[in-house]
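Counting starts at 1 for both ligands and their atoms, following the listed order. Scope of the values below: all heavy atoms of this structure, side chains included, with no hydrogens, waters or symmetry mates.
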Amino acid sequence: MAHLLEGIEPDGYDRRYGDRELTRRIAPYFRGRGGAVTFVTIAVIIAAAAGSAVPLLLARTVDSAVDDDGDGRLALLVTAILVAGITAWLLTLLQERTTGTLAGDVVLKLREQAFAAAMRQDMTFHDAHPTGVVVSRVTNDTQAFATLISLALSLLGQVLMIVILLTALFVINVPLALVTALVAALIVAVSLAFRRAARNASRQQQQALAEVNGYVQETLRGIAVARNHSHQESAQAELHAVNHQWFRASVRLNRLFSGIFPLLISLTGLGTVAVVLVGGHGVDAGSVSAGEWVLFLEALALFWSPLTSIASFWSQLQQGLAAGERVFALVDREPSVRQRDRVPVPRLRGEFTLRDVHFGYDADHPVLKGVSLTIPAGRTVALVGHTGAGKSSVVRLIMRAYEFQQGSIDVDGLDVRTLDLEQYRRRLGVVTQTPFLFSGTVADNIARGRPGAGRDEIEAAARAVAGGDWLAPLSQGLDTPIDEGGRNLSTGQRQIVALARVFLQDAPVLILDEATASIDPLTEAQIQEGLEALAADRTTIVVAHRLPTVRKADTIVVVDDGRIIEQGDHTTLLAQGGAYRLLYDRYFRHQQPDDDPADDPERPVHHPSPYARAVTPANGLADRNGEESVIDGHRV
Ligand SMILES: Nc1ncnc2c1ncn2[C@@H]1O[C@H](COP(=O)(O)OP(=O)(O)OP(=O)(O)O)[C@@H](O)[C@H]1O
């Protein structure tokens with residue numbers, strides 16, 4: 001059957017947990033709910049005792065009816081059966097209700113824990129595991145695991161009833177009890193043997209479902225790209241592949257379960273035949289009363305349900321256990337960004353020192369190959385270089401989004417690996433290339449910079465970027481609704497909202513990855529104005545794609561193939577005539593039609609036409625591809 005499971009691999013951080021370890025992990029979730037747990041335990045025991053009393057009383061009733069002694073015992077016995085039956089029913093009802101609340105409580109706690117664990121992970125984890133797969137652990141798996149608790153309690157009550165009844169059977173008639181116990185033991189043995197295979201199959205089925213979730217989610221998120229590239233057909237084919245993995249895993253699970261039931265039914269049938277034969281013989285010989293014979297037949301029927309429940313519950317039980325393993329594997333996963341200490345970070349001056357930093361997203365592919373750099377507090381540093389040179393990787397390491405393999409990064413003389421990570425990250429105001437905005441309004445998104453900020457503070461932050469002019473084209477200004485991710489705003493507008501968010505955050509360090517996407521000149525000017533206001537009194541590290549940013553930086557750092565090959569200010573580097581000079585000539589210079597000849601004393605002065613600005617590519621990307629450039633106002 002192995003072929004059915006091809007392609008369903010556990011995630012890298014998955015591991016096996018023994019039943020005992022899983023049980024030990026469940027216990028803390030019931031802390032503070034001692035009263036409810038005690039009630040459930042007592043209710044399970046009493047309900048099991050009352051449930052087992054019913055067939056025992058029934059046997060006595062049969063014997064009493066056969067003897068027909070007419071002393072009113074029959075009526076008493078019938079009343080006792082009714083009382084025992086109602087007690088068992090009522091207590092089971094109350095117990096199941098309480099258990100339902102307890103299990104719901106576990107889901108709440110476990111889900112919050114799993115969510116916190118997913119949030120705690122660094123980007124290495126999120127790069128490697130599709131969002132949908134992680135979502136599946138936080139939502140479906142936590143629920144499946146909690147269902148296990150209700151199931152386990154219900155099973156416990158039924159097993160308890162079997163134990164009580166079997167004890168009574170042995171007291172009444174040993175040979176008949178032996179036959180019944182043998183059948184029961186066989187059923188349990190077969191169910192248990194089935195256990196391991198069922199858990200593996202369940203685990204694989206859940207993993208396959210998570211893969212389907214992950215694929216659907218990722219494809220829908222990239223729907224625009226999928227459409228643009230006529231990717232729909234291949235997307236459908238890829239879904240077909242993961243969907244069939246799930247199908248094969250489900251078929252395997254189903255085959256396992258469909259094989260087990262006929263076997264269990266046959267075993268019980270054989271047991272019934274044995275009890276009928278041995279019991280009938282005993283009745284003939286006078287060693288077994290009619291009531292006792294009925295009791296043993298009744299007991300087998302009663303056992304059938306809980307014993308097969310062990311197997312039928314097994315599916316859910318195994319799914320619950322497998323889900324528990326998956327949730328705890330997430331909860332227990334150690335982020336690869338490791339802090340050695342938790343030194344508080346009440347404030348930062350913002351001086352960074354990188355010494356011989358080596359880094360690769362995976363160990364076999366080095367991206368940064370010995371980066372050393374000092375960023376003085378309060379200064380602006382622009383990282384420039386070709387695409388893929390490693391500029392964003394440098395800032396990602398400063399942000400502690402990834403763990404570097406060698407070297408050190410200090411901030412204000414402290415190793416970043418020793419800081420309280422949460423506090424440190426709060427001191428960094430980050431604006432990415434295409435900032436992610438959350439659903440809500442523009443104001444809600446700015447407010448994320450400082451939770452609890454008042455409306456006037458949000459408005460002030462919005463006005464801090466280009467005097468708030470950027471709000472004019474938005475239909476409802478600050479109250480304009482934002483779709484998930486910020487899809488209804490342009491890249492430039494998203495960056496402006498993110499800049500306003502950083503204003504409100506008032507972080508001492510600003511990290512900006514300039515957009516490479518085309519941004520209209522007005523928005524670009526607004527972003528530039530916001531950036532300058534923000535950078536004025538804080539350390540600013542910019543992955544720069546735009547000339548105004550580069551020119552105004554205190555230090556320009558040229559990154560090439562994971563190394564820093566030049567650094568200095570704009571004028572010095574230009575005069576040096578090295579790598580920056582080349583970059584400037586090929587990309588940056590063309591971004592301004594009226595580039596300042598003072599920048600470059602060797603160049604003659606030109607007078608660009610007003611048309612030049614309109615055709616100037618905003619970011620030089622077109623130039624990179626060699627498709628279109630504008631030099632001195634002329635298309636070339
Ligand atoms: N999440 C990631 N996982 C694996 N490799 C990555 C990841 N991000 C970047 N890389 C690789 O690392 C190298 C450096 O990328 P980086 O994003 O730092 O370049 P960059 O200089 O910022 O480029 P750009 O100007 O295009 O943003 C590239 O080869 C890139 O393919």
Side-chain angles (χ1 to χ4, degrees), residues 11-12 121-131 133-134 214 218 221-222 225 335-337 352 354 357-373 375 381-407 409 430-436 491-492 494-495 498 510-519 527 540-550 553 555-567 579-580 582-584 586-588 590-591 617-627:
D11 284 327
Q121 298 305 324
D122 48 72
M123 292 312 295
T124 312
F125 172 87
H126 292 289
D127 286 347
H129 305 288
T131 313
V133 175
V134 181
E218 188 186 334
R221 277 184 74 93
V225 181
S336 51
V337 168
F352 291 89
L354 285 77
V357 173
H358 290 254
F359 166 71
Y361 292 92
D362 61 81
D364 302 334
H365 300 99
V367 168
L368 300 183
K369 305 160 184 171
V371 168
S372 295
L373 173 66
I375 303 172
V381 166
L383 301 172
V384 299
H386 291 285
T387 187
K391 307 177 293 291
S392 304
S393 303
V394 171
V395 298
R396 285 178 198 141
L397 294 191
I398 289 174
M399 285 154 55
R400 297 291 283 145
Y402 294 87
E403 186 62 275
F404 47 94
Q405 282 96 26
Q406 213 182 301
I409 300 178
V430 179
V431 180
T432 54
Q433 272 193 13
T434 46
F436 185 90
T491 304
R494 279 190 235 175
Q495 281 216 326
L510 167 66
I511 293 179
L512 170 75
D513 203 343
E514 277 191 319
T516 48
S518 223
I519 289 176
I527 292 178
T540 305
I541 307 167
V542 193
V543 175
H545 296 287
R546 292 165 198 282
L547 182 60
T549 320
V550 178
T555 309
I556 297 163
V557 174
V558 184
V559 184
D560 184 53
D561 191 24
R563 294 185 179 87
I564 291 176
I565 52 168
E566 271 179 23
Q567 49 181 308
Y580 179 70
L582 268 175
L583 272 173
Y584 176 77
R586 291 192 62 192
Y587 309 140
F588 294 120
H590 316 321
Q591 291 177 18
N619 57 5
L621 267 185
D623 312 317
R624 293 182 195 194
N625 300 332
E627 288 164 0

If we ignore hydrogens and angles and just use 3.5 Å, is the side chain of Lys391 paired with the main-chain N or O of Gly385 as donor and acceptor?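 Side chain of Lys391 to backbone of Gly385, a donor-acceptor pair under 3.5 Å: yes, one is there.
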Can you tell me if Gln567 uses its side chain to pair, donor with acceptor, with the backbone of Val558 under 3.5 Å?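 Here the side-chain-to-backbone pair does not exist.
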Does even one non-hydrogen atom of [X] get within less than 4.0 Å of ligand 1?
{"X": "His545", "result": "yes"}
{"X": "Val543", "result": "no"}
{"X": "Gly388", "result": "yes"}

Derivation of the side chain to side chain contact (heavy atoms under 4.5 Å, CB included) call for Glu403 and Thr124: CA-CA 8 Å; Glu403 186 62 275; Thr124 312; over 6 Å; no
Please identify which atoms of ligand 1 are closer than 4.0 Å to at least one heavy atom of [X].
{"X": "Ser393", "value": "14 (C), 15 (O), 16 (P), 18 (O)"}
{"X": "His386", "value": "21 (O)"}
{"X": "Ser392", "value": "17 (O), 18 (O), 20 (P), 22 (O), 27 (O)"}
{"X": "Gln433", "value": "27 (O)"}

Sub-3.5 Å N/O-N/O distance, Gly390 and ligand 1: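 So ligand 1 has an N or O lying under 3.5 Å from an N or O of Gly390.
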Could you say whether the N/O atoms of Ala389 and ligand 1 ever approach to under 3.5 Å?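 Yes: some nitrogen or oxygen of Ala389 is under 3.5 Å from one in ligand 1.
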Positive for side-chain contact (heavy atoms from CB on, under 4.5 Å) with Val394, one of Leu383, Ile564, Ile409: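 Exactly one candidate clears the test, Leu383.
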Show the nearest heavy-atom pair for residues Gln121 and Pro335, with the distance to one decimal.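 In terms of heavy atoms, the two residues are closest at OE1-CA, 3.5 Å.
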For ligand 1, which part of Arg396 has a heavy atom less than 4.0 Å away: the side chain, the backbone, both, or neither?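 Within the 4.0 Å criterion, Arg396 contacts ligand 1 through side-chain atoms alone.
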When you look for heavy atoms under 4.0 Å from ligand 1, do you find them on the side chain of Tyr402, its backbone, both, or neither?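 Looking at Tyr402 and ligand 1, just side chain atoms fall under 4.0 Å.
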Report the residues that fulfil side-chain hydrogen bond (donor to acceptor under 3.5 Å, both in side chains) with Thr540, sequence neighbours left out, ordered by chain and then residue number.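 side-chain hydrogen bond (donor to acceptor under 3.5 Å, both in side chains) list for Thr540, sorted by chain: empty.
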Quick one: list whatever passes side-chain hydrogen bond (donor to acceptor under 3.5 Å, both in side chains) with Asp560, sequence neighbours left out.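 Asp560 satisfies side-chain hydrogen bond (donor to acceptor under 3.5 Å, both in side chains) with no residue once adjacent residues are dropped.
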Which option, Thr387, Asp513, Asp560, Val559, owns the non-hydrogen atom nearest atom 26 (O) of ligand 1?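 Among Thr387, Asp513, Asp560, Val559, the closest heavy atom to atom 26 (O) of ligand 1 belongs to Thr387.
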Pair Tyr361, Ser393: side-chain N/O donor-acceptor within cut-off below 3.5 Å: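 Per modelled atom types, Tyr361 and Ser393 side chains form a pair under 3.5 Å.
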